[in-house]
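Comments concern the structure below.
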Amino acid sequence: MRPANPPRLSGERLQAGLWEAVLDLPTGAPPPGIEALHGDRALPGVTACADPDRPGRHRLSVPIPADLLSDGVQNVLIRDCNTGATLAHVSILAGAVLERDVRAELDQMRAELDLLKRAFRDHCREIPLFPRVSHRSGS
């Protein structure tokens, strides 16, 4: 069963190797125990600081280690240790390998779009824009 007011994450950003977000918890919820995972590896330096002016609001901070960055897609999972709930996914894409993958995907999408355009044009040629209406006199 889902809680009536689930935690809300907002203001996510990645800047200078630091992922940050704001976590709003329902009233009376325990403080979050935040962890960041890359595969099975827990990343160090994760913090969740309570905002003294806004009860239930926490500022999350996850440093992304330089040794995590390499060719391809690297995914970091942000979760609450207390509940096991996944709060966010951070995906970092880099390198020449990725460029080839993206280009191949884009080429495939263009080919599929061309196919759809041709099929739509053929369909439009087959179906008259305004069907003929038979005018019969009612007398």
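It should be emphasised that the depicted structure is a prediction, and the values quoted were computed from it without experimental measurement.
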Validation: residues 9-19 side-chain donor-acceptor distances under 3.5 Å, sequence neighbours left out:
{"residue": "Arg13", "atom": "NE", "partner": "Glu20", "partner atom": "OE1", "Å": "2.9"}
{"residue": "Arg13", "atom": "NH1", "partner": "Gln15", "partner atom": "OE1", "Å": "2.9"}
{"residue": "Arg13", "atom": "NH2", "partner": "Glu20", "partner atom": "OE1", "Å": "2.9"}

Q.
Applying a strict under-4.5 Å side-chain criterion to I, L, V, M, F, W and Y, I'd like to know whether Val90 and Val46 cluster together.
A. yes

Q. Would a hydrophobic clustering, with Ile, Leu, Val, Met, Phe, Trp and Tyr connected at side-chain separations under 4.5 Å, put Leu43 with Leu37?
A. no

Q.
What's the separation between atom CD in Glu126 and atom CG in Asp122, rounded to the nearest 0.5 Å?
A. 6.5 Å

Q | Any residue meeting side chain to side chain contact (heavy atoms under 4.5 Å, CB included) with Glu112, in chain and number order, not counting sequence neighbours | A | Gln108

Q. What residues form a side chain to side chain contact (heavy atoms under 4.5 Å, CB included) with Asp114, not counting sequence neighbours?
A. Lys117, Arg118

Can I get a per-line list of side-chain donor-acceptor pairs under 3.5 Å for residues 80-87, giving both atom names and the distance, sequence neighbours left out?
{"residue": "Asp80", "atom": "OD1", "partner": "Gly33", "partner atom": "N", "Å": "3.4"}
{"residue": "Asp80", "atom": "OD1", "partner": "Asn82", "partner atom": "N", "Å": "2.9"}
{"residue": "Asn82", "atom": "ND2", "partner": "Pro31", "partner atom": "O", "Å": "2.8"}
{"residue": "Thr83", "atom": "OG1", "partner": "Ala85", "partner atom": "N", "Å": "3.1"}

Q: Could you list the residues that satisfy side chain to side chain donor-acceptor pair (under 3.5 Å) with Asp107, not counting sequence neighbours?
A: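 Listed in chain order: nothing, the list is empty.
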
(Q) On a heavy-atom basis, which atom in Asp71 and which in Gln74 lie closest, and how many Å separate them? (A)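 Reported closest heavy-atom pair: O-NE2, 3.6 Å.
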
Q | Nearest heavy-atom neighbours spanning Pro30 and Leu25 | A |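 Reported closest heavy-atom pair: O-CD1, 3.5 Å.
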
Please list every donor-acceptor pair under 3.5 Å in which a side-chain atom of residues 53-69 meets a protein atom from a residue at least two apart or in another chain.
{"residue": "Arg57", "atom": "NE", "partner": "Asp24", "partner atom": "OD1", "Å": "2.8"}
{"residue": "Arg57", "atom": "NH2", "partner": "Asp24", "partner atom": "OD1", "Å": "3.4"}
{"residue": "Arg57", "atom": "NH2", "partner": "Asp24", "partner atom": "OD2", "Å": "3.0"}
{"residue": "Asp67", "atom": "OD1", "partner": "Arg41", "partner atom": "NH2", "Å": "3.4"}

